[in-house]
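Numbers restart at 1 for each chain; the letters A, B, ... are given by sequence-line order, proteins then strands.
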There are 2 protein chains.
Amino acid sequence: MRYFSKVVEAGSFTQAGKAFNVSPSSLSRRVADLEKSLGATLLKRSTRIVKLTEVGQIYYNDVQHILNQIEQSEETVRSYQTTPMGRLRISSMVSFGDIVLLPLLDEFSALYPEIVLDVSLSDELSTLGRDDVDIAIRGGYAPNERVLAIKLMDNSFIPVASPRYLETHGVPENAMALKQHAGLYFKTPTGPTPWLCNKNGQWHDVSGPAVAISNNGAWLAKKACEGEGILMSTRWALASYLELGQLQELKFEHEVAITQSSTMAVYLLYQKQRYFVPKVKAAVDFLVERLQTTNAR
Amino acid sequence: MRYFSKVVEAGSFTQAGKAFNVSPSSLSRRVADLEKSLGATLLKRSTRIVKLTEVGQIYYNDVQHILNQIEQSEETVRSYQTTPMGRLRISSMVSFGDIVLLPLLDEFSALYPEIVLDVSLSDELSTLGRDDVDIAIRGGYAPNERVLAIKLMDNSFIPVASPRYLETHGVPENAMALKQHAGLYFKTPTGPTPWLCNKNGQWHDVSGPAVAISNNGAWLAKKACEGEGILMSTRWALASYLELGQLQELKFEHEVAITQSSTMAVYLLYQKQRYFVPKVKAAVDFLVERLQTTNAR
DNA sequence: TATATTGTTGCCTTTAAAGCAATAGTGATT
DNA sequence: AATCACTATTGCTTTAAAGGCAACAATATA
């Protein structure tokens, strides 16, 4: 079809041949083949002039359009490979999504209007691993050959309480004293998180009596603000309350945590090879820049 | 492109290979070549499943369209200056199809016995725009470079009622009085059609209380004949009832309509280039002659 | 865990496309 | 009117692309 089209435009097999760096004989044969397969004569040839027949004219118009479409389609695919666009599927922990991610993504959308965001908030980690997500944000990472994990920020839990609570019930002198205090417990997919204390290499459960247990951080934080008990949650989840003074951090001589493994962190996960897809690269770079520099290391 | 398309549809290189009587290895190579030339991965392969990537999906849609165009173009050339024959796909609005088109097509079939009619009646316009139809009949048209629209007949709605109804409830003196009358409402895909009246450039809703609402014109007409209320429908849909005197038109000083846009008409649509295909030309010419001369301008 | 199916890859064969030289036809020039 | 210059075509050869086969690796199902 390209050959035919060029022959028509050049009005000559020889000229068209030059455009393709192909011998006229080959062009002649290809066009003849095309005519044979269509069962119609497209070109009226004389040794001196080549012009379209009636059907040829009709066919030429069609071909013109078709070639255009093909080129346009190829262009679309190519630009797709270079310009960040398309659907970007992000999966994140619920609390992190609500507090940190979603506000950031508004800015991201403004930067890359051609990217359609598809955000799933879930604390289940099953969503990754399959190919149904481009980027995942999780606390801790499943070590996998093909998956790259970037530490975004610290994810260790800190104990907090409202000034009112501390006034009423007293500030716990040390970690062990937590046992005597009302507890607001955060529940992960693996169950509620106890209060643990590392004292001289030994771990002790210092959980106090439970007032409430939930996987909804905001609700627990509200309860903590209202002085219902002591809460352990992540620094980033509590940041706004700490700033306003609604809650204050409790500091102890001995480390307090909710798990014995010390490397608690929020990780950004994506498939190594997918980093070359523009939309993924754009998102990874954006998130790393905004989250890693400001809050973490 | 054909290979790629088939692989997508079959969801398997092996299956697609069978369709072409070609080994899977060859298909695999061709598709790989295509991907290389586009510089993009079109298919996500695992030994067990083959599915489109995001770019792949976009490209597949384009390819689909392109292959269609090529096929149509070949058909145009091959059938050039032959007798009208083959499958002719017509899409029409339901009511128009029932009342006007289908009766006419019997005659058409007698004229061109070698044409196999494939008629789809639907009020959705989604069927158009695609290349899966040779001729479409719609009320109104989307202006398009390649699509030609011929006005077949007027499509404005007129109010009618049975003599008995008018006897019992009185003939409405003016358009405003319609509000007091029982209404039989025709429902289009965009919703029920209210009664509107243009009075000194102002549009007023003069809909009366609804007795029945339906997208089935015949059923509403029957109800109207039985004196259940006033019906607004197109002149061509009501023609037989008006002739028999079962229904009579209500005329008012001020224009009554079902939409504020005045250019209501039935259009015959077809792709400009396809007029060269004998079967299409035959049908367009036939329909225009039979419909445009008798009822319209 | 074993099995069957599928996509890919290396190697070879087949088929299509390209190149070359010769031929025949045609419009312009003399 | 005859010649000339140029062009499309055709037979033959070369080259490149596509296809087939067997072996292999991967994966979902039993």
Side-chain angles (χ1 to χ4, degrees), chain A residues 1-53 55-57 59-60 63 67 70 74 126-132 142 144-147 271-274, chain B residues 1-53 55-57 59-60 63 67 70 74:
Chain A
M1 280 164 64
R2 276 196 234 288
Y3 281 0
F4 167 68
S5 177
K6 200 65 170 183
V7 169
V8 171
E9 283 150 23
S12 149
F13 283 80
T14 316
Q15 285 304 111
K18 283 175 187 165
F20 288 108
N21 285 316
V22 159
S23 65
S25 65
S26 194
L27 279 176
S28 172
R29 283 213 167 82
R30 282 329 112 227
V31 174
D33 286 352
L34 178 64
E35 286 179 315
K36 195 175 164 193
S37 88
L38 291 172
T41 306
L42 300 174
L43 297 171
K44 199 92 192 165
R45 305 128 153 106
S46 78
T47 47
R48 211 59 176 192
I49 207 164
V50 176
K51 68 175 183 181
L52 286 166
T53 63
V55 239
Q57 180 66 56
Y59 186 67
Y60 175 72
V63 163
L67 291 178
I70 291 174
E74 287 174 348
S126 64
T127 32
L128 193 72
R130 290 284 181 198
D131 288 330
D132 48 12
N144 183 317
E145 288 291 316
R146 281 168 285 203
V147 173
Q271 289 183 64
K272 203 173 173 181
Q273 59 190 51
R274 296 276 289 161
Chain B
M1 280 163 67
R2 274 195 238 283
Y3 280 1
F4 167 66
S5 177
K6 200 63 167 187
V7 169
V8 172
E9 282 150 23
S12 148
F13 283 79
T14 315
Q15 285 303 111
K18 283 175 187 163
F20 287 109
N21 284 317
V22 159
S23 65
S25 65
S26 194
L27 278 175
S28 172
R29 284 215 167 80
R30 282 330 110 227
V31 173
D33 286 351
L34 178 63
E35 287 179 316
K36 196 175 161 190
S37 88
L38 290 172
T41 307
L42 300 174
L43 296 172
K44 198 97 195 160
R45 304 122 150 114
S46 79
T47 47
R48 212 58 179 193
I49 207 165
V50 176
K51 66 175 183 183
L52 286 166
T53 63
V55 237
Q57 180 67 57
Y59 187 67
Y60 174 73
V63 163
L67 292 178
I70 291 174
E74 287 175 348

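- B:I49 places its CD1 atom 19 Å from the P atom of D:dA26, with the value rounded to the nearest Å.
- Nucleotide D:dT9 holds its C1' atom 13 Å from the CG atom of A:D33, rounded to whole Å.
- Side-chain atoms of B:S37 come within 3.5 Å of backbone atoms of B:L34 as a donor-acceptor pair (strictly under, hydrogens ignored).
- Judged by distance alone, with hydrogens and angles left aside, the side-chain atoms of A:T14 form no donor-acceptor pair with the main-chain N or O of A:P24 at under 3.5 Å.
- Contact annotation for B:S25: base contact, defined as any heavy-atom pair under 4.0 Å involving a base atom.
- Look at OH on B:Y3: it is 12 Å from C1' on D:dG20, rounded to the nearest Å.
- Between the CZ atom of B:R2 and the P atom of D:dG19 there is a distance of 13 Å, given to the nearest Å.
- B:T41 places no side-chain N or O within donor-acceptor distance of the main-chain N or O of B:L43, the cut-off being under 3.5 Å.
- A straight line from CG of A:L43 to P of D:dA8 spans 10 Å, rounded to a whole angstrom.
- Salt bridge A:R45/A:E35: present, at least one basic N to carboxylate O contact under 4.0 Å.
- There is a side-chain donor-acceptor pair under 3.5 Å between B:S5 and B:E9.
- Remark: B:N21, B:V22, B:S23 in residues 16-24 of chain B come within less than 4.0 Å of DNA chain D through at least one heavy atom.
- B:R45 comes within 4.0 angstrom of sugar-phosphate atoms only, judged by non-hydrogen atoms across all strands, and of no base.
- Protein chain A contacts DNA chain C from C:dA17 to C:dG27, reading 5' to 3' and using non-hydrogen atoms of the protein with a distance under 4.0 Å.
- Ion pairing of B:K36 with B:D33 is absent here, as no side-chain N (NZ or NE/NH1/NH2) approaches a carboxylate O to less than 4.0 Å.
- Distance alone, capped at 3.5 Å, places no donor-acceptor pair between the B:Q57 side chain and the B:L52 backbone.
- Without hydrogens or angle criteria, B:T53 side chain to B:K44 main chain gives no donor-acceptor distance under 3.5 Å.
- Taking 4.0 angstrom as the limit, A:T14 places a side-chain polar atom (N or O) nearer than this to OP1 or OP2 of D:dA8.
- In this structure, CZ in B:F4 is found 8.0 Å from OH in B:Y60, a value given to the nearest 0.5 Å.
- Per the geometry, CG belonging to B:L27 stands 12 Å off P belonging to D:dA18, to the nearest Å.
- In terms of position on DNA chain D, the residue among A:S12 and B:R30 whose nearest nucleotide sits closer to the 5' end is A:S12.
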